[in-house]
Structures are given as C-alpha cells and as structure tokens.
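Notes to accompany the following structure.
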Amino acid sequence: MAEEPQQEAAAAPAAAEVVVTEAAPAEAEKKAEVPAAAEAEPEAEAEKKADEAAVTADDAGAGSFKEESNLVEDLPDPEKKALDEFKQLIAAALAAGEFNLPPPPPPPKAKEEPKAEETKTEEPKAEEPAKEEPKTEEPAKAEEAAEETKTEAAAEAPAEETKAEAPAEETKAEAVAEEAKPEPEEKSVVVAEEESATKTVEAIQETVVPTAATSEEAAATEAEAETQEAAPEPVLIWGVPLVGDDERTDTVLLKFLRAREFKVKEAMAMLKSAVLWRKRFGITSLLDADLGLPELENVVFYRGADREGHPVCYNVYGEFQDKELYEKAFGDEEKRERFLKWRIQLLERGILSKLDFSPSGICSMVQVTDLKNSPPMLGKHRAVTRQAVALLQDNYPEFIAKKVFINVPWWYLAANKMMSPFLTQRTKSKFVFASPAKSAETLFRYIAPEQVPVQFGGLFKEDDPEFTTSDAVTELTIKPSSKETVEIPVTENSTIVWELRVLGWEVSYGAEFTPDAEGGYTVIVQKTRKVPANEEPIMKGSFKVGEPGKLVLTINNPASKKKKLLYRSKVKSASE
C-alpha cells in the first residue's frame, strides 16, 4: 500500500508544475515531497481529512486575494515613487540599447577562412606576368611610338637630302611655302586651346553641382542617423510600449514591480530578461506559426469567464492517458520542444485576445487545473514541464488572479499542507484546492455554472441550440432525505424549454404541468423515475401549452448527503 501512494505522489506535481507561475522554483520542487506520515495513513481516513482540508483551504483562499488597482492615482506614495524610478531606468536602458540582443558570435570556421583567402591571393603572385598584361601594354605602346618616330625620322632624312640636291629656286619656293604653313597651325592651336578651356569650365561646373548635391544628401543622411540614434526604436511587450503616453504601460510595468515586491532594480532585471527572452524565443513569429498539434485542443483551452470577468484557462492533463497523444507530444526532444512552443503560443494568443491592459481593464486570468488521471511525474514530459514552469515564472508576472486545482487526490492535499509554510502569503492566497467530491461546487464559487463546461459539473456546451452563457443558471441545495420542487410559470400559447442537472444524481426526478384554471387537469410531462449516477449529466425537456399554468419539477433526494441542483428555463412564444 505504501508503494502506490508513492507512485501517485509523483503525478500531481507534474501537472501542477505546468501551471504554477507565481511560486518560486524552489517552492515548485518542494511540491514533489510527500510526507511519510501521509503515505502511511489509511486511504479512507485520509480522504475524509483531505475533504475537510480542501474545504478549509477553499474558505481561506476565497476572497483573501484581491487584485490591486492599476490606476496610478490609487497607488500609495512609495509605489508611485517606485514606478517613476522604474520608468527612468527603462528610458536609460533603451537609450543605451540594453533591450537589444547582442550580435551573434562569429561562426567557428571564421578563423580558418582568412587563411584560405591568403593562400588564394598568394597564388596569383606567382602568375604575375599573366595577370599584369595591362601593364605590358604601356611599354608596347612606347615601343610602337618609338618605332613610329624612327620611321618618321628615317622618312624625314631622305627628304632633307633631296632638298639639298634640289635647285635653289625649289628650295626658295619650299621655304616660302613652309613659312606660310605655320600661320594656320597657330590659329588651330589657339582655337583648340579655347575649346579645351571651355570644355574644362563646363566640366568643372558639372562636377561642382553634383558634388554640392551629394554633400547635401550626406548631411541629410547623417542628420537622419543622429535622429535615429537619439530616438531608439520602441520596445513592445504584449503590444504595449515600455515608455510613452500609452495608458497601458503603467499596467504592464506594475506587473513586474509587484512580482518583485516593488524592488525597482530586481523588477528592471526581470523586465530586461523577459524582453530579451521574447526576442530570442521568436514570440512575434510564433504567434502565427502552425505547429500542427490540433489534438491538444482538449488539453489546454480557454472557456468562458469567472464571476469577475477574468478569462478562464482549463488544464486537463488526464488527456495524456491516451498513449498515442502522449507520444506525439513528448516522444522525443523535437516533439517536446514543439509542445513547449505550443504552450507558450497558446498563452500569448490568450493574453492578446482576452486581456485588456487599460488601467481599469481585466489583465489577468483564472486557471483551472484538473488533476484527475494526471500522468506520473517520472515521464518523458518531466523536463519540458520544468522548463515551462521556469519560463512562465520568469516572463509572465502577475497574470494569475486565481488558481483552482480540482479533483485533487487526498495525498496531494496532505503534501500541499506540509509545504504550505514555504509559500508566500500572496501565492497561497491565489491557490484553491478541491477534492473530487467538492470540485464542481468549488468552481461555482468563482465561475457561474452556465460558464463551466459540462465535464467539470456545469451546463456549458458547445453549439447548444437552446441555451447560451447569457441564460443564467439557478443553483439550489437539496437537503438529505428531502424533496425539492421547482415551479416555472408559463403563459398561454407558448412552449417552455428547460434543462437541469443534479451533481452525482442518485435522485428521483419528474415533471408535470398544472393549469391555473380551477378544475384543470394536471399533465404528466416526465414520469418520475430514479436517475442513477452514470446517467446523462443534463436532463432536457420541452412542453407546448395552450393555457396559462406552471411547470413543476420535482427532485427527491433519498441519500444521506446533500445534493446540488442546477436548472434554467425559457418560455418561447408561438411566433418564436
């Protein structure tokens, strides 16, 4: 008998780890320790004490935690001062770029690459003659010019000889002709010089204008760069800027301050770490990613709101009894990493779609964790659940208004009672534990029955054709060995529709219509019969009436324990 509780004792911490976001990591570790005295205690006796402990814990937790105001004018002076100091630190950190990720380190092969480049550049040096062909063109041109001058000189030399041999008259005529030739050459030189001077001036004008334009553009670019440096890129978290006039900023910053008891430096370290983690984890791209895990939609999901308007997130880890689903989620390292991303993605989507960070808005949620048939702690999921706990604790402060654990085994309650002294009062005030017998009633204290899914004892059903969450449910307690009668008035020419549920059933139920007119006949709508515990959770009925009267529902509880009755109805006119 002692071995079974030991195995069971490992299960609940695993489920609890995934949702504990307020307790410190050391506190989460201590949850796994179950006192030997609790293990050795007889199960029946322990369950009875556990039920009492659950009620006590529930009573202690109910209403003990009240969310603080996010309106700055409502804050005490020390908290206002801490908030102002926090904002100054954030502004300085933004200016210094402390919210930016450091540049990635160079790859390991980067050191070897320069050597390869050096060898590549050294090789061409050996083949300089081949690559320096353009340089050899200049000597070749010089040689060609020299040869041309030689040929010209050779051509001129015979001309001089012929000139000496020619008659004096010819030489005179040639001299006159030669004297006449230089005049046009001088004119052409002057014209050429003037043209070249004009072209030079135009070229200078052309180059001066672009240069001036370029310098202006460069100055504008520098000014832009300076402006960008002076005004750092805004940093957002959950769509809220860390600085500025946005009224939601104070709400987000107060979350980090409260998580660190208004110790500004510690809150700053937490905020900086959270922002950098979000960038490393790729939260922005994760929001739209398709992780291919539709099977997990019944494991963690949002449904309805509590009595104060907080969205409710349900964690049902008993779904992992399905071995195929368990292997798909935790089968190997890659799958466990994908599960972690899926869990963070679900949380981020819930925050963005269901929470309002305005000072008077709802900026936290209620978590309900069903510990029924939770997987044992020593499994493939252990590492990823611990990792998830660490991430939630470090990066999502003060997002939990209430944590309700339902279907809690007796040994878990005993363990929690032993580790309770190690938790902070703030954390303890948010925790509520309920045994299987008290789970539904405990939920109804915080969440209206019309908002609670059928699987947890409520009346909420997807795609219900008759009733919605706007149709309120009436709760009644049926005393032991007593009968409860519910009367619903009905007008003429209408149809009445109703549904009811008795938690745990094991009662007798019947329905009849009684007309208001004297001497009218009572019509049996539902013959009285005993409803066993394994009956359909909800009884539905409808009856069309042609005269005013009342529908009477009768529930007889023969048991020695009280029962919880839930019912609602609506009357439809003939036109409807």
Side-chain angles (χ1 to χ4, degrees), residues 12-35 50 53-70 79 82 251-252 254-263 266-267 269-271 273-274 306 308 310-315 317 347 351 355 362-371 374 377 385-406 408 412-435 442-443 445-447:
E17 277 185 276
V18 181
V19 293
V20 173
T21 58
E22 305 291 341
E27 295 168 357
E29 290 287 337
K30 287 172 185 173
K31 286 190 177 184
E33 298 174 8
V34 179
V55 175
T56 305
D58 186 33
D59 289 341
S64 60
F65 175 75
K66 186 178 180 181
E67 287 187 291
E68 301 90 343
S69 171
N70 289 317
E79 293 183 2
T251 302
V252 171
L254 284 170
K255 284 182 175 293
F256 286 89
L257 284 170
R258 285 174 177 140
R260 291 297 178 260
E261 298 178 337
F262 283 88
K263 296 175 182 176
E266 292 182 18
M270 184 183 191
L271 175 62
S273 175
D306 75 344
E308 296 178 356
H310 299 96
V312 181
C313 178
Y314 292 87
N315 303 271
Y317 296 109
L347 177 58
I351 290 172
L355 298 186
I362 299 295
C363 61
S364 60
M365 60 183 69
V366 170
Q367 280 198 353
V368 177
T369 300
D370 185 4
L371 295 181
S374 295
M377 186 173 180
T385 53
R386 288 178 179 274
Q387 189 178 358
V389 169
L391 290 179
L392 296 175
Q393 288 171 344
D394 296 340
N395 302 292
Y396 297 91
E398 296 294 312
F399 275 94
I400 303 302
K402 186 72 65 180
K403 297 175 67 66
V404 185
F405 294 86
I406 59 173
V408 180
Y412 188 89
L413 289 170
N416 179 71
K417 190 174 181 180
M418 294 299 294
M419 55 83 65
S420 181
F422 300 100
L423 298 175
T424 65
Q425 183 57 40
R426 186 179 181 85
T427 299
K428 287 190 289 185
S429 68
K430 294 183 179 184
F431 283 10
V432 177
F433 300 91
S435 64
T442 302
L443 281 180
R445 296 185 66 172
Y446 306 102
I447 310 168

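Sequence positions, counted from 1, serve as the residue numbers for this chain. Excluded from the calculations below are hydrogen atoms, water molecules and symmetry mates; all remaining heavy atoms, backbone and side chain alike, are included.
Between Val432 and Lys403 there is no side-chain heavy-atom pair separated by less than 4.5 Å. Between Phe399 and Leu347 there is no side-chain heavy-atom pair separated by less than 4.5 Å. Between Glu79 and Leu257 there is no side-chain heavy-atom pair separated by less than 4.5 Å. Taking the side chain as every heavy atom from C-beta outward, Thr442 and Ile406 never approach each other to under 4.5 Å.
Of all heavy-atom pairs spanning Thr251 and Cys363, the tightest one is CG2-SG, 3.8 Å. The two residues Pro311 and Ile362 come nearest to each other via the heavy atoms CD-CG2, 3.9 Å. The two residues Ser69 and Arg258 have their closest heavy-atom pair at O-NH2, 2.7 Å. Nearest heavy atom pair, residue Asn395 against residue Ser273, reads OD1-O, 4.2 Å.
For the atom pair CZ (Phe256) and OH (Tyr396), the distance works out to 10.0 Å, reported to the nearest 0.5 Å. The distance from the CD1 atom of Ile447 to the CD atom of Glu308 is 11.0 Å, given to the nearest 0.5 Å. A distance of 6.0 Å separates CG in Leu371 from OH in Tyr412, rounded to the nearest 0.5 Å.
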Practice prompt. Check the pair Ile400 / Met365 against side-chain contact (heavy atoms from CB on, under 4.5 Å), numbers first and verdict last.
Written response: CA-CA 5 Å; Ile400 303 302; Met365 60 183 69; 4.3 Å; yes
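With respect to Glu398, the salt bridge (charged side-chain N to carboxylate O under 4.0 Å, His left out) criterion is satisfied by exactly one of Arg260, Arg426, Lys255: Arg426. Just one of Lys402, Glu67, Gln367 meets the side-chain hydrogen bond (donor to acceptor under 3.5 Å, both in side chains) condition when paired with His310; it is Glu67. Among Tyr446, Phe431, Tyr314, the one residue that satisfies the side chain to side chain contact (heavy atoms under 4.5 Å, CB included) test with Val404 is Tyr446.
Relative ring orientation between Phe433 and Phe405 is described as parallel, the plane-to-plane angle staying below 30° on a 0-90° scale split at 30° and 60°.
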